[in-house]
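Read the numbers this way: they start at 1 and go in the same order the structure lists the ligands and their atoms. Any value given below was found using the heavy atoms of this structure, including those in side chains, with hydrogens, waters and symmetry copies removed.
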Amino acid sequence: MAYSSSFILPLLLLLSLSLYATIATATGHEHAARKEKMTHLHFYFHEMYSGPNATGLVVARNSKLIGRAQGLSAQASLDGTALLTAINFVFTEGEYNGSTVAILGRAVPSAPAIERTIVGGSGKFRMARGYTVSKVISWGGGYFLMEFDAYIIHH
Ligand SMILES: *[C@@H]1O[C@H](CO)[C@@H](O)[C@H](O)[C@H]1NC(C)=O
Ligand SMILES: *[C@@H]1O[C@H](CO)[C@@H](O)[C@H](O)[C@H]1NC(C)=O
């Protein structure tokens, strides 16, 4: 049977993004047996992908910068836009400063919601697993804004 996958276009969108939290709700209910916590983070994901300050820091919405997204996305579909994304969220503020969360998943920017897998983490997010749900709020003019909810189970 023919292998129907296209070559991944080496479209390396360097994501050096800024994550702004409106709220970083840490619901720390612990599972008794394994002492796992569920942390819910709600934040905005800003990207400038063109212009002199591409990948630069964007300040918006009166919300606080909580970290950076570092990763790549590659066009991975024969039909339409479907991206393979691999992103590290690197926290630079507050109680998660220095910790990271690793996300891997498929993103169709036109979809009403994009669900991706949390495959691991470091620091406060060691042994992380979970998922993110995001949606594109605006896109165009070299600027990209997404709203993210991350549900992280970790120790
Ligand atoms: C790029 O960043 C510099 C320094 O922060 C700023 O002065 C300049 O206005 C920015 N340019 C654009 C087009 O955003
Ligand atoms: C975050 O951690 C880095 C490295 O330990 C430190 O240099 C920086 O000051 C910290 N930032 C905040 C806002 O605490």
Task: atom 4 (C) of ligand 2: the protein heavy-atom neighbour that sits closest, reported with distance to 0.1 Å - done: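 Answer, as residue, atom name and distance: N97 ND2, 4.8 Å.
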- [ ] Return the residue, atom name and 0.1 Å-rounded distance of the protein heavy atom closest to atom 13 (C) of ligand 2.
- [x]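 Closest protein heavy atom to atom 13 (C) of ligand 2: E93 OE2, 3.3 Å.
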Open item on the list: Can you tell whether the side chains of E115 and K135 come within less than 4.0 Å, N to carboxylate O?
Closed with: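 Not counted as a salt bridge, because no side-chain N and carboxylate O are separated by less than 4.0 Å.
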Open item on the list: Quick check on the 6.0 Å ring-centre criterion: do F89 and F125 meet it?
Closed with: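 Aromatic pair excluded; centres sit 6.0 Å or further apart.
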Task: Test item: protein heavy atom less than 4.0 Å from atom 9 (O) of ligand 2 - done: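 For atom 9 (O) of ligand 2 the answer is no, since every protein heavy atom stays at 4.0 Å or beyond.
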Open item on the list: If we check side-chain contact (heavy atoms from CB on, under 4.5 Å) with H155, which of these qualifies: E36, R126, K37?
Closed with: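 So, applying the side-chain contact (heavy atoms from CB on, under 4.5 Å) to H155 and each of E36, R126, K37, only E36 qualifies.
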Open item on the list: Hydrogens and angles aside, do R116 and S134 bring a side-chain donor and acceptor to less than 3.5 Å of each other?
Closed with: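 Yes, because at least one side-chain N or O of R116 sits under 3.5 Å from a partner of the opposite role on S134.
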